[in-house]
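In what follows, a structure is listed as structure tokens, so that the remarks can point back to it.
Just so it is clear, the values below take in all heavy atoms, side chains as well, and ignore hydrogens, waters and symmetry mates. What you see is a predicted model, and the numbers here were worked out from it, not measured in a lab. When a ligand or atom number is given, it counts from 1 through the structure's own listing order.
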Amino acid sequence: EAPGTEQELTDGFHLVIDALKLNGINTIYNVPGIPITDLGRMAQAAGIRVISFRHEQNAGYAAGIAGYLTKKPGVCLTVSAPGFLNGLTALAHATTNCYPMILVSGSSEREIVDLQQGDYEEMDQLAIAKPLCKAAYRVLHAQDIGIGFARAIRAAVSGRPGGVYLDLPAKLFGQVMNAEAGQKSLVKVIDAAPAQIPSPASVKRALDVLKAAKRPLIILGKGAAYAQADEEIKSFVEKSGVPFLPMSMAKGLLPDTHPQCAGAARSTVLKESDVVLLIGARLNWLLSHGKGKSWGEAPKKFIQVDIEPREMDSNVEIVAPVVGDIGSVVSAFNQAMGAGWTAPPAEWTKAISSKREENVAKMAPKLMNNKSPMDYHGALGVLKNVIKEHPEAILVNEGANTLDLARGVIDMYRPRKRLDVGTWGVMGIGMGQAIAAALETGHPVLAVEGDSAFGFSGMEVETICRYNLPICVVIFNNDGIYRGTDVNGANSDPATTVFVKGARYDKMMEAFGGVGVNATSPDELKRAVNEAMTSGKPTLINAVIDPAAGSESGRIGNLNPQSVLQKK
Ligand code: OXT
Ligand code: ADP
Ligand code: MG
């Protein structure tokens, strides 16, 4: 060939990287291996932030929460079969929680997989992923990489956000094509999540119902936090004068200390309200399906704002469904309310305030106790003040008692600062979510973890140290699941819910060069957390909690089936 006539070439590796960059995706959460090791290396060389984890599930939880925090799909990259399956739990979790995420997995040779001839890591991954996510695609030709990523991105973020699976067979990466044609084949997704404007009639119907209420309530869910319509929501809530109840991850959308916040009067407002406006919250188990004892006797009307039409009437009748994106809906509410809006009857708002003050006053002395070993309230009283002094910090939280009590005790002040177990109540989100939160926001992270909960992702403390992230992990170490006091009467094995007594999780952090502290009193805990928040050094504090302090399953013990035949 004469000089100058050879074509300029590109290949599957480079097209994948170019497709991500073209769409503003600048972070990949991954675990390397065949066939995607070089893809990670090349992506890093091309300026993408490639964060390598120790287990795909944690990389997946990181990607999911990155999607929640940024409204861009978080990308998790894994190897085939076992790596794919490890990531799949996180993909299903993202879908369940409405987080936009793309799981990209390498896969084996189609010809061999489909004939089931026993390829290296053989598995029909596309078929397995399909029922667990919003959409699943496979790309077989290099010239389709651009379209494949465009479809994946659009599917993840448009409508109700969720998880998308993208299958990339090993052979694809090495496929070569003309570089110019390759560039042309890429797609920059325009308006990936188009505004969904509510119909004026639905807006009017909703406001008419709300206006006629004597005891109205607004419930804000994590969909409202996801929407990033913070100012619109705040002015709507304030203009309406209606008390609001934040679901766990919606805490801080308006401060928990806001005069209209009914978080500390939860059972009262659920029972006594006559009209309930749900904004980005589903009537699932966390809200007792909108019926039964916790909702009281009196008839109730529900108004629901959601982007997903099929969410309406899922559990009870919705008298005023408003389908649209929360930003558009709430701004339509604000406009349609006009100037003549009257606040709900003072009798109602005063009743809530006094219940709230009563509950807060009841809790206050418990938070001041200086017991050693600590109980949950003594330790949480310290952490409540840490977040008060660092409202920009992100709180990651999992466990049973550790979760339920921290949710009630620690006030949040800003939107999207509380990240927890979500709709499934899943253990294991801790370190993945902490890592993504630190990377995506640049803010310090406080991860408050039950000792069992931490165990599901604990190896990622190495990742935290490797990337030198400003994460302070506080482990509420009560020697077990719910409590550390169970005894097995049948043989010498330990009881099923207890761990090694007096374990020192702080030593795990020290093994990788981070700061480890053993804290046995609220004072020691306070000193150690404050030090970590100012230094920004990776820190793990083993907070020694009284093994007898917790209760079975925290606040959801009622969900445990009971045997009528034998006592435990
Ligand atoms: O109004 P009333 O009077 O009712 O009072 C309420 C509020 O008004 C009031 N309140 C306040 N008072 C004063 N001041 C303030 N600021 C205030 N704020 C509120 O307090 C009460 C309670 O309020 P709350 O919390 O809002 O209301 P309530 O009634 O609790 O709300 C109901 C729910 C359902 C919305 C709420 O409880 C909730 O969100 N729950 C989520 C529960 C959850 O998801 N739990 C996690 C799962 S548990 C279990 O499954 C576990 N596993 C199994 C497992 C899992 N999950 N995953 C996997 C992959 N494998 C296995 C395991 C292994 S937990 C677990 C480990 C546990 O052990 P750890 O060592 O980790 O943890 P420890 O328990 O600490 O040992
Ligand atoms: P929580 O657990 O906080 O109650 P859920 O996860 O049950 O919240 O509900 C979130 C809801 O928000 C989902 O039904 C989802 O469809 C909806 N949602 C998510 N993003 C938006 C958005 N931008 N606009 C409207 N609804 C949204
Ligand atoms: Mg525990």
Side-chain angles (χ1 to χ4, degrees), residues 71 89 96-99 159-162 193 196 219-229 245-251 256-257 261-271 278-288 294 304-308 311 314 322-329 355-356 358-364 367 376 384 398-411 420-430 449-456 475-484 497 499 545 547 549-557 559-560:
K71 295 182 97 174
T89 307
T96 297
N97 283 278
C98 316
Y99 303 156
R160 169 182 278 175
Q196 286 185 221
I219 298 185
L220 300 170
K222 60 179 168 308
Y226 173 79
Q228 296 194 17
L245 178 69
M247 298 300 287
S248 186
M249 282 174 59
K251 276 165 71 82
D256 284 330
T257 50
C261 181
R266 188 178 194 271
S267 24
T268 304
V269 290
L270 293 190
K271 277 201 183 76
L278 299 154
I279 306 183
R282 287 171 285 189
L283 279 177
N284 56 16
W285 71 280
L286 289 155
L287 284 169
S288 312
S294 42
Q304 184 159 25
V305 176
D306 207 289
I307 202 159
E308 172 57 64
E311 189 55 41
S314 61
V322 189
V323 175
D325 76 272
I326 286 165
S328 302
V329 172
K355 182 71 201 174
R356 165 186 164 156
E358 191 186 306
N359 273 347
V360 170
K362 220 188 291 169
M363 191 192 277
L367 302 177
Y376 286 92
K384 179 189 175 93
E398 61 178 332
N401 294 281
T402 305
L403 174 84
D404 289 340
L405 294 169
R407 181 180 62 248
V409 170
I410 303 178
D411 288 329
D420 65 31
V421 298
T423 305
W424 270 348
V426 64
M427 300 296 112
I429 48 77
E449 302 270 314
D451 52 339
S452 164
F454 172 74
F456 288 74
I475 295 183
F476 276 36
N477 186 359
N478 64 346
D479 294 345
I481 297 176
Y482 313 140
R483 274 185 307 263
T497 56
F499 299 145
I545 303 286
S551 59
E552 181 92 357
S553 300
R555 297 225 4 124
I556 56 172
L559 298 181
N560 288 306

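Nearest protein heavy-atom neighbour of atom 30 (O) of ligand 1: Arg555 NE, 2.7 Å. Scanning the protein heavy atoms around atom 19 (C) of ligand 2, the nearest turns out to be Gly223 CA, 3.7 Å.
When heavy-atom distances to ligand 1 are checked against a 4.0 Å cut-off, Leu286 comes that close through both its backbone and its side chain. Contact annotation: for Met247 versus ligand 2, heavy atoms closer than 4.0 Å belong to the side chain alone. Here Asn284 has side-chain heavy atoms under 4.0 Å from ligand 2, and that is the only part of it that gets that close. If you look at Arg266 next to ligand 1, the close heavy atoms, those under 4.0 Å, come from the backbone and the side chain alike.
Nearest to atom 9 (O) of ligand 2 by heavy-atom distance, out of Pro246, Gly280, Gly221, is Gly280. The closest non-hydrogen atom to atom 14 (O) of ligand 2, taken over Asp306, Leu278, Ile279, comes from Asp306. With distances taken over non-hydrogen atoms, the option nearest atom 25 (C) of ligand 2 out of Thr423, Val329, Ile219, Ile326 is Ile326.
Residue Asp479: no N/O/S atom is found under 2.8 Å from the Mg ion (ligand 3).
For the pair Ile307 and ligand 2, the shortest N or O to N or O distance falls below 3.5 Å. Close N/O approach between Arg160 and ligand 2 is found [any backbone or side-chain N/O within under 3.5 Å]. Residue Glu311 has no N or O atom closer than 3.5 Å to an N or O atom of ligand 2. Looking at ligand 1, you'll find an N or O of Ala453 within less than 3.5 Å of one of its N or O atoms. Between Tyr482 and ligand 1, an N or O atom pair is found at a separation short of 3.5 Å. In terms of N/O distances under 3.5 Å, ligand 1 is not approached by Lys355. The shortest N or O to N or O distance between Phe476 and ligand 1 is not under 3.5 Å.
Contact analysis leaves Ala250 out of contact with ligand 2, as no non-hydrogen atom separation drops below 4.0 angstrom. For Gly324, the closest heavy-atom approach to ligand 2 falls below 4.0 Å.
Distances from the Mg ion (ligand 3) to each N, O or S atom of Asp451 single out OD1 as the nearest.
Put simply, CG on Leu405 and CG on Leu367 are 10.0 Å apart, with the number rounded to the nearest 0.5 Å.
Using a 4.0 Å threshold on non-hydrogen atoms, atom 20 (O) of ligand 1 does not count as touching the protein.
Vertex the Mg ion (ligand 3), arms ending at O of Gly480 and OD1 of Asn478: the angle is 80° after rounding to 10 degrees.
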